[in-house]
Amino acid sequence: MGLEFLDWVVIIAYLILSIGIAFFVAKHKSKNITDFFVAGRNLPWWLLGTSIAATWFATDAPLAVTALVRSKGIYGNWLWWYLGTGIMMMVFFYAKYWRRAEILTDAEMIELRYSGKSASVLRGFTAAFFGIFKNCISMGWVILAMLKFSNIMLGWSAEFALGITLAFALVHTLTSGIKGVVILDMLHFSAGTISTMILAILVMVQIGGPSELANQIAARADAPAGVLDMLPDLSHIGATEMIAFVCLIGVLWLGQAQGDGYIVQRLFSAKNEKHAIKASLWFAVAGVVILTWPWIVVGLGSIVILPISEATPALLADPELAYPMMIHEVLPIGLKGLLVAAFMAAFMSTIDTHLCWGGSYMVNDIYKRFINTKGTDSHYLLISRVSIALLLVLSAFAAWQMDSIAGAWIYIIEIISGIAIIVMLRWFWWRINAWSEIASMLSALFLANGFLWIKWIHNFGWVNDTVLAQVNSWYQDDVALIRATIILLLCTAISLIVTFATKPVDNEKLVSFYKKVRPKGWWGPIAAQVPEYVDTSSLRNSWLGFVFGVIFLNSILFSVGHLILGSYTISLILIVVGVITGWLTLKLVETAKTQEVS
């Protein structure tokens with residue numbers, strides 16, 4: 001499956017262009033870690049929203065989506081479509097607060113909101129857990145996908161592919177910081193989106209168009225039951241899977257509602273609150289709608305062009321290989337090189353983002369906060385670059401421990417779900433304290449890793465084989481989303497008990513936070529002390545914007561799906577609904593009241 005000379009010319013030219021942009025941005029040197037990690041808080045919404053979406057377009061996403069389509073059908077993509085609801089809540093409720101806080105990381109928010117040693121411990125633990133552990137798992141599955149892609153497309157060994165691609169990513173991140181990453185993301189998003197759309201169109205042409213695609217897939221006995229369902233159907237899936245789906249779209253989207261990590265790091269970089277809000281909205285459209293359908297089309301086409309019943313042993317064992325195999329089957333010389341280059345660039349873009357995000361935690365929330373509080377700007381910049389290199393090494397190790405991208409996604413969903421409601425409440429209820437978050441985080445870690453604890457206990461002979469088997473059955477993949485929902489409810493209940501059993505945050509800290517962020521919600525005792533800072537705007541428009549936004553996003557999402565499958569009338573109706581609700585959403589965004597930080 002080798003590439004031709006023209007393909008290699010395109011790949012090399014694209015990579016040279018990417019590195020050239022990095023060194024061009026490097027001319028404008030960062031003076032401090034604020035410049036390096038949030039670009040001086042002066043970036044526009046369209047660049048930031050595109051950058052977040054570009055981070056979603058890593059090598060892992062198309063491979064995982066194709067595998068989901070081949071194993072479950074279109075509806076399997078709810079494993080990331082569900083995030084759209086949470087993003088819309090971030091647009092109307094949280095984006096402005098993040099920007100208003102004027103912080104470098106979401107871990108720094110903890111000591112802005114809470115007081116005492118518990119806040120310091122929570123900040124350090126959060127930075128280590130999210131910036132190192134979770135971040136390295138995220139980069140690990142991206143690296144794993146790149147290894148699979150490189151092996152199929154380039155014939156490279158895993159070791160060689162890992163060395164080349166990580167070296168490019170590291171050079172770019174170290175030289176340019178977040179500003180270079182964001183600018184390059186624009187190039188990667190454009191090239192990646194165009195090339196994956198071209199591949200999807202050529203797949204359609206080869207099969208015979210939308211209607212023929214639907215007909216041929218429906219006629220295949222080896223396709224998953226209900227492969228064309230965009231919503232699950234009980235006649236095609238079991239009751240357990242349906243309950244898991246309801247948990248995903250009904251509850252687990254709360255894990256994305258306030259935003260975190262690299263997403264909010266982009267919001268910290270916005271020119272102002274309005275730009276942060278618009279960046280979130282554009283990210284929702286670009287990430288959930290624009291990016292996903294070209295990958296799904298290729299996944300559907302692979303069922304016809306690479307039939308499951310005739311698949312090679314390697315493809316049967318790992319359906320994530322189908323996407324790079326489809327590139328070889330469908331794309332002509334030159335375009336094949338462009339898509340490979342786009343994938344390599346998307347990989348670098350995602351790794352760059354995660355390195356900047358993780359590095360900001362390690363420097364701002366661990367090193368500068370607890371180890372060396374009196375360093376110079378140049379010293380902290382040096383430590384930032386050292387931290388980035390260290391994170392890359394740890395992520396490479398994580399990749400070697402994985403075999404499934406989707407499996408890693410689900411594990412992260414479980415852990416994050418446990419803290420979802422408490423971290424949302426920190427903005428809207430004065431009584432939440434650092435112990436509330438500590439309780440939810442420790443509970444989530446304990447419950448999500450129950451299979452490890454029971455194995456350990458079993459090894460000491462404290463439980464029998466029957467108990468071990470029963471607990472392990474609860475940690476199977478088919479009940480993962482149900483388990484995540486129960487973890488969320490249990491962790492929230494535990495956290496609320498801890499909240500009332502511990503002292504409130506110091507009044508001085510609460511007043512300071514309230515004056516800076518001006519949150520709405522249950523802040524009566526604090527608001528009464530500083531009435532001149534009370535936000536008198538109604539929450540009605542925020543809730544309306546959220547509802548219209550969710551309808552808009554899903555209407556456009558499904559209109560594209562029905563268009564692809566040849567259901568033109570339904571597609572047209574959904575487009576009309578999407579246009580109307582989209583206009584209402586934009587109108588509410590434009591009229592959203594903001595309070596710029598002085």
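When reading the values below, keep in mind they use all heavy atoms of this one structure, side chains included, and skip hydrogens, waters and symmetry mates.
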_Shortest non-hydrogen separation from Ala239 to Leu234 and the atoms involved_ = CA-CD2, 4.1 Å

All N/O donor-acceptor pairs, side-chain side in residues 202-212, below 3.5 Å, sequence neighbours left out:
{"residue": "Glu212", "atom": "OE2", "partner": "Gln216", "partner atom": "NE2", "Å": "3.2"}

*Would you check if Ile486 and Trp474 make a side-chain contact, meaning some heavy-atom pair closer than 4.5 Å?*
yes

*asked:* Are the side chains of Trp253 and Leu248 in contact, using a 4.5 Å heavy-atom criterion?
replied: no

*Say whether, by atom type as modelled, one donor and one acceptor occur between the side chain of Ser559 and the main chain of Ser571 under 3.5 angstrom.*
no

_Minimum side-chain heavy-atom gap Thr66-Pro319 below 4.5 Å_ = no

*Anything under 30° is parallel, anything over 60° is perpendicular, the rest tilted; go ahead and classify Trp81 against Trp293.*
tilted

*Aromatic ring pairing Phe125/Phe129, orientation class (parallel under 30°, perpendicular over 60°, tilted between)*: parallel

*Do the rings of Trp80 and Trp295 sit parallel, tilted or perpendicular, given the 30° and 60° boundaries?*
tilted

*Counting distance only, does the side-chain N/O of Asp185 pair as donor-acceptor with the main-chain N or O of Ile52 below 3.5 Å?*
no

Show me the donor-acceptor pairs within less than 3.5 Å that the side chains of residues 221-231 make with the rest of the protein, sequence neighbours left out.
{"residue": "Asp222", "atom": "OD1", "partner": "Arg220", "partner atom": "NE", "Å": "3.0"}
{"residue": "Asp222", "atom": "OD2", "partner": "Arg220", "partner atom": "NH2", "Å": "3.4"}
{"residue": "Asp222", "atom": "OD2", "partner": "Ile308", "partner atom": "N", "Å": "3.2"}
{"residue": "Asp222", "atom": "OD2", "partner": "Ser309", "partner atom": "N", "Å": "2.9"}
{"residue": "Asp222", "atom": "OD2", "partner": "Ser309", "partner atom": "OG", "Å": "2.9"}
{"residue": "Asp229", "atom": "OD2", "partner": "His236", "partner atom": "ND1", "Å": "2.6"}

*Within the side chain of Arg483, is there an N or O that forms a donor-acceptor pair under 3.5 Å with the backbone of Gln476?*
yes

*Non-hydrogen side-chain atoms of Cys491 and Leu447 separated by less than 4.5 Å*: yes

_Donor-acceptor contact present, side-chain Ser195 to main-chain Gly192, <3.5 Å_ = yes

_Validation row: Asp7, Glu4 side chains within 4.5 angstrom (heavy atoms)_ = yes

*Checking Ser302 side chain against Gly299 main chain: does a donor-acceptor pair fall under 3.5 Å?*
yes

*Quick one: does Ser473's side chain have a donor or acceptor within less than 3.5 Å of a partner on Gln470's backbone?*
yes

*Tell me, do Tyr323 and Leu199 make a side-chain contact under 4.5 Å, heavy atoms counted?*
yes

*Minimum side-chain heavy-atom gap Leu355-Met139 below 4.5 Å*: yes

*Considering non-hydrogen atoms only, spot the tightest contact between Ile74 and Ile296 and give its length.*
CG1-CG2, 4.1 Å

_Checking the side chain of Asp318 only, and the main-chain atoms of Ala314 only, is there a donor and an acceptor separated by less than 3.5 Å?_
no

*Heavy-atom count around Lys72 NZ within 6.0 Å, excluding the residue itself: above 12?*
no

*Answer whether the closest heavy-atom distance between the side chains of Ile351 and Leu392 falls below 4.5 Å.*
yes

